[in-house]
Structures are given as C-alpha cells and as structure tokens.
Amino acid sequence: MASHLKYISLGILVFQTTSLVLTMRYSRTLKEEGPRYLSSTAVVAAEVLKIVACILLVYKDSSCSFRALNRVIHDEIINKPMETLKLAIPSGIYTLQNNLLYVALSNLDAATYQVTYQLKILTTALFSVSMLQKKLTKYQWLSLVILMAGVTFVQWPTDAPVAPSKEVSVGSRFVGLMAVLTACFSSGFAGVYFEKILKETKQSVWIRNIQLGFFGGIFGLMGVFIYDGDRVSKEGFFQGYNNLTWTVVALQALGGLVIAAVIKYADNILKGFATSLSIILSTLISYFWLQDFVPTSVFFMGAVFVISATFLYGYDPKPSVNPVKA
C-alpha cells in the first residue's frame, strides 16, 4: 500500500507542478484592465488555505470530532512550543521561495525558468547527503548527472525569433535568474530540513503543515506590509484577484500538501525527478497554449534522458539492501 501511495502522490505532484507553472506564468503576463494582483498577498492566501485544508484533514483523522480536534491542536501545537518553533526556519525559507518563484515567472520565459529551477534536484541531493548522511548508489549519482543533462537538452535555447510581446529587458532577466537560483538553494535546504524534522518526530504531517502555514502566514504578512503596504492600503489586499488568481493560489496551497505526502512516502530527490517530468508536459502545453516554445530534436533527446534517469534512480541491483542509510 505504501508503494502505491508513493507513486500516486508523485503522479499528483507532476500534475500540480505543471498546472502551477503554466497558470502562474499566464497570470503574471496576462494583460488586463486595472491593477494586477500582488504576488505577496497570493502567497499569504495560499498559506491560509493550506492551514484550513490541514485542519480539515486532522478533523477527519480525529473521527470527525471537534473535541478530539481541539485536544490534538492543544497537545501537538500549543503545548509543544519548542517543537512548533522548529518549523519557523523552513517556513521562512519556503515563504521566501514562494515569493521568488513569482518574481522569476514574471521576468523569465517558461523555458529558462523550467530548466534553471531543476538545479534544486542537485541542491536537494547534496543537502540530503550532508544533513541526513544519506548514501546514494553509483546508479543514483549517475542518474543525477543524466537528469541534469536531460533537462538542459529539453530546454536548450534555439535561434528561433522571440515574439515582441515575450521579450524582456536584460535587467529583468537578470532579476529573474537570480530569483530562481536563490529559490533552488532555498528549496533544497528547506525540503531536507523539513524531511529531517518529520523523520525525527511522530507528529502528523498535517500538524506539521499547520505549523508551517502559521509561520508562513506571519512571514508572508511581513513581506506584504514591507513591500506592498502602500498599494494594499490604496487598492485593498485582494486587488486584481480573479478566477485565474484563485486557481494559482489553490494550486500553490495544494502543492504544499502534495509535497508533504511525497516526503512521507518517498524522499526529496525522488520528488525532484517527478517535478522534472513535468517539464516535458509543461513545455508541450506551452507550445500549444502559451506559444512561447518550439520543440526541436534536442528537446526529444532530452526527454529520453529525463525518462531514463527517472527509471535509473529507482533501479536497485540488490533489492534486499537499503542503499540509503542514515
């Protein structure tokens, strides 16, 4: 059952990641009348939605009893302040990462964003080895190299002309590049740190996400009032929101829960491979919908590399021996 849940959660993650990238990119480039929604408020809204969803899940696990729910929240969160405070570090990093992704997708085309953000797979692997003392087999190390080559080929730049509406200045491209590179390192560290906390305690993953969402909401609100306080006071917290914006918020909130499930049933590196597969889907959809990418023979070669690396990572020459040992 655990094996089935692992692959189901990874499949959902591929769908969520692909949908989030495409809708977020589209929402940040769509020209509409009136003010555009503030990405900082969207991050806070996603955290609140995640908390609500997790509370409902805890309520379900508590036999749909409000008394049991109240007892669990008091016993696991309020009465364990030090355990709760441990989540402040990854929560702050996740909040920074979520804001950086909005910056990246506002300044970079989908191809550049997708391939560059896959550097988080490498950073996650390095942090897993250094922080969790994980040992990867030679096949897993080889798969990491093949994966990096594959995602590079998938998004290899071409000499095809870029539509004027898609062009961005050199300055904004640099800002987007720095944002996605910083997000790669923050994603790797926060993901492994959160995995370490989950494996050291017996608390429910949903309780942990409530704690993450609580601190994430606080850090997010600080960002709203520091960077967008004037605009919020003039136009309101939900200025520019529409159905597309709420779809992005819902996908981002769902992403946190899916990632939590993936960490519970797999590990961060395997999660990275599932995300890499979404590159292929999002690129194809970008070609037919956003029309900002033209597939080439290099793209198809990269797709083969990515799929091969995915299967190679799961290959175990000695099934009875666990290659990852803390």
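Heavy atoms only: backbone and side chains are in, while hydrogens, waters and symmetry mates are out.
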TODO: Look at the rings of Y241 and Y37 and say which category their plane angle falls in: under 30° parallel, 30 to 60° tilted, over 60° perpendicular.
DONE: perpendicular

TODO: Check the side chains of N242 and T245 for a donor-acceptor pair under 3.5 angstrom, ignoring hydrogens and angles.
DONE: yes

Task: Neighbour count >12 (heavy atoms, 6.0 Å) for atom CZ, F214 - done: no

Open item on the list: Side chains of F219 and L96, heavy atoms from C-beta outward: is any pair under 4.5 Å?
Closed with: no

Open item on the list: Between Q252 and L49, is there a side-chain heavy-atom distance shorter than 4.5 Å?
Closed with: no

Task: Euclidean distance, I78 CD1 relative to I73 CD1, rounded to 0.5 Å - done: 7.0 Å

TODO: Rounded to the nearest 0.5 Å, what's the gap from CZ on F189 to CE on M131? Could you check?
DONE: 4.5 Å

Open item on the list: If I take atom CG from residue L57 and atom CG from residue L69, how far apart are they, to the nearest 0.5 angstrom?
Closed with: 11.0 Å

TODO: Give, for atom CZ of R208 and atom NZ of K86, the distance between the pair rounded to the nearest 0.5 Å.
DONE: 7.0 Å

Task: Heavy-atom side-chain contact between Y26 and T247 under 4.5 Å - done: no

Task: Charged N-O contact under 4.0 Å between E76 and R71 - done: no

Open item on the list: Do R231 and F237 form a cation-pi contact, if we require the NZ or CZ to be under 6.0 Å from the six-membered ring centre and within 45 degrees of the ring's axis?
Closed with: no

TODO: Kindly compute the distance separating CG (D61) from SG (C54), expressed to the nearest 0.5 Å.
DONE: 10.5 Å

TODO: Would you please indicate yes or no on a ring centroid separation below 6.0 angstrom for W246 and F238?
DONE: yes

Task: Check: S187 and T123 side chains under 4.5 Å, non-hydrogen atoms - done: no

Open item on the list: Out of the candidates R36, R25, R28, only one should pair with S106 under the side chain to side chain donor-acceptor pair (under 3.5 Å) rule; please name it.
Closed with: R28

TODO: Identify whether F185 and I93 are in the same connected component of the hydrophobic contact network (ILVMFWY, side-chain heavy atoms under 4.5 Å).
DONE: no

Open item on the list: I need the S39 OG to L100 CG distance, nearest 0.5 Å.
Closed with: 10.0 Å

